[in-house]
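Accompanying notes for the structure given below.
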Amino acid sequence: MTEVKLFSGTNSNQLAEKIAKHYGKKLGDLTMSKFSDGEMSPSFNESVRGCTVFLIQSTNPSADNLLELCLMIDAAKRASAYKVCAVIPYYGYARQDRKDRPRVSIAAKLVANILTSAGADRIMTCDLHAGQIQGFFDIPLDHLNGSAIFVPYLERLDTSNLIFAAPDVGGVARARSYAKHFEVEMVVCDKHRKRANEVASMQVIGDVEGKDVVLVDDLVDTAGTLCKAAQIIMDKGAKSVRAIATHGVLSGKAYENIENSVLQELVITDTIPVKQKSDKIRVTSVADLFAKAIHAVTGNTSISALFI
């Protein structure tokens with residue numbers, strides 16, 4: 001077995017420290033220098049020759065952090081690393097996974113090509129916006145599931161009156177998996193957008209009267225959809241509404257929207273650093289999940305036990 005070394009990009013240093021602690025190793029020594037015009041230059045301050053290297057970096061905000069990750073991959077390959085695994089807790093550009101209108105990019109596929117061309121031998125990520133993105137890669141991809149974090153949390157709640165809701169049609173499969181696990185019903189919020197990040201109309205398909213509703217999503221950006229769905233669900237007679245989402249992008253007026261919403265709480269993970277505190281936002285960590293996955297990969301064992 002080759003020596004395993006873990007390194008962090010600048011965007012995910014706090015999470016990487018936690019992953020390394022759970023894994024049982026210290027983070028490797030890497031310097032990310034910058035020229036005055038912003039050009040980045042990574043350098044490993046220790047040998048990685050013949051090592052299996054894990055580079056931990058969420059690509060949000062997408063552009064700089066994606067390029068930084070690619071430069072780290074290239075530097076590791078040129079330093080004769082045996083294998084390079086890009087650990088991307090939040091995979092940016094995943095929302096652009098198909099041509100839903102003419103003359104647009106399939107950015108998720110382009111990013112897959114870029115990471116592969118940079119020299120990544122393996123990708124490890126969590127809760128892709130669309131599962132088919134796994135097929136964009138011709139290298140192994142470990143797709144972890146946030147349910148391993150959220151199910152234990154939900155099991156601590158009173159589940160006797162629980163029901164799950166998908167905030168849009170695209171999230172039906174995700175909400176159904178939770179409903180199936182807890183053996184309860186689910187509803188769907190059908191939305192129509194005028195443009196990105198702006199919901200024109202929404203309606204609830206299903207009965208939520210008197211129920212404790214849990215909205216399930218993979219990410220929260222401006223929180224506009226989530227907050228509107230919560231309001232409509234409460235208007236339909238729900239007893240309470242909370243939300244779980246793996247990736248807290250939380251851009252624009254997200255914090256303001258959440259604070260002013262009827263949401264009882266929003267539970268997210270630390271795949272993306274939280275910018276500010278909020279009484280309604282609860283952060284759980286994916287560090288142990290990723291550490292166990294890294295152990296499984298390096299030990300050539302199955303990661304099936306990490307799925308609920």
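These figures come from a predicted structure and were not determined experimentally.
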Problem - Flag if over 12 foreign heavy atoms under 6.0 Å of CG, Asn45 - result: yes
Exercise for the section: Test side-chain hydrogen bond (donor to acceptor under 3.5 Å, both in side chains) on Ser8 and Gln57 and set out the steps. Expected result: CA-CA 6 Å; Ser8 173; Gln57 174 84 312; 5.6 Å; no
Handout entry: Neighbour count above 12 (heavy atom, 6.0 Å) for Lys277 NZ
Key = no
Exercise for the section: Quick one: do Ser160 and Asp158 satisfy side-chain hydrogen bond (donor to acceptor under 3.5 Å, both in side chains)? Show the steps, please. Expected result: CA-CA 6 Å; Ser160 60; Asp158 179 8; 2.8 Å; yes
Practice task
Any chance you could lay out the salt bridge (Lys or Arg N to Asp or Glu O under 4.0 Å) test for Lys77 and Asp121, step after step, and finish with the verdict?
Solution key: CA-CA 10 Å; Lys77 296 296 284 189; Asp121 296 294; 3.1 Å; yes
Practice task
Output yes when a side-chain donor or acceptor of Ser12 lies under 3.5 Å from a complementary backbone atom of Ser58, and no otherwise.
Solution key: yes
Practice task
Verify whether the ring centers belonging to Phe44 and Phe7 lie closer than 6.0 Å.
Solution key: yes
Problem - NZ/NE/NH1/NH2 to OD/OE distance under 4.0 Å, Asp221 and Arg95 - result: yes
Handout entry: Test item: Gln264 side-chain N/O and Ser240 main-chain N/O as donor-acceptor pair under 3.5 Å
Key = no
Exercise for the section: Check whether any side-chain N or O of His247 sits under 3.5 Å from a backbone N or O of Cys126 as a donor-acceptor pair, and report yes or no. Expected result: yes
Problem - Side-chain donor/acceptor of Lys109 to backbone N/O of Asp97, under 3.5 Å - result: no
Handout entry: Pair Thr10, Glu68: side-chain N/O donor-acceptor within cut-off below 3.5 Å
Key = yes
Exercise for the section: Verify the distance criterion only: is there a donor paired with an acceptor across the side chains of Ser33 and Thr31 at less than 3.5 Å? Expected result: no
Exercise for the section: Report yes or no: does Ser117 contribute a side-chain atom to a donor-acceptor pair with the main-chain N or O of Ile114 at less than 3.5 Å? Expected result: no
Exercise for the section: Would you confirm whether Asp212, through its side chain, and Lys239, through its main-chain N or O, come within 3.5 Å as a donor-acceptor pair? Expected result: no
Problem - Between Glu259 and Ser278: side-chain donor-acceptor atoms closer than 3.5 Å - result: yes
Handout entry: Lys18/Asp270 salt bridge by N-O under 4.0 Å criterion
Key = yes
Practice task
Without swapping roles, check the side chain of Thr52 against the backbone of Thr2 for a donor-acceptor pair under 3.5 Å.
Solution key: no
Handout entry: Residues, nucleotides or ligands: over 12 heavy atoms within 6.0 Å of Phe307 CZ
Key = yes
Practice task
Please say whether more than 12 non-hydrogen atoms of neighbouring residues, nucleotides or ligands are located less than 6.0 Å from NZ in Lys25.
Solution key: yes
Handout entry: Same apolar cluster: Leu115 and Met32, side chain cutoff 4.5 Å
Key = yes
Exercise for the section: State yes or no: are the ring centers of Phe182 and Phe164 separated by less than 6.0 Å? Expected result: yes
Exercise for the section: Could you tell me whether Gln14 atom CD has more than 12 heavy atoms of other residues or ligands within 6.0 Å of it? Expected result: no
Problem - Side chain His181, main chain Val151, donor-acceptor under 3.5 Å - result: no
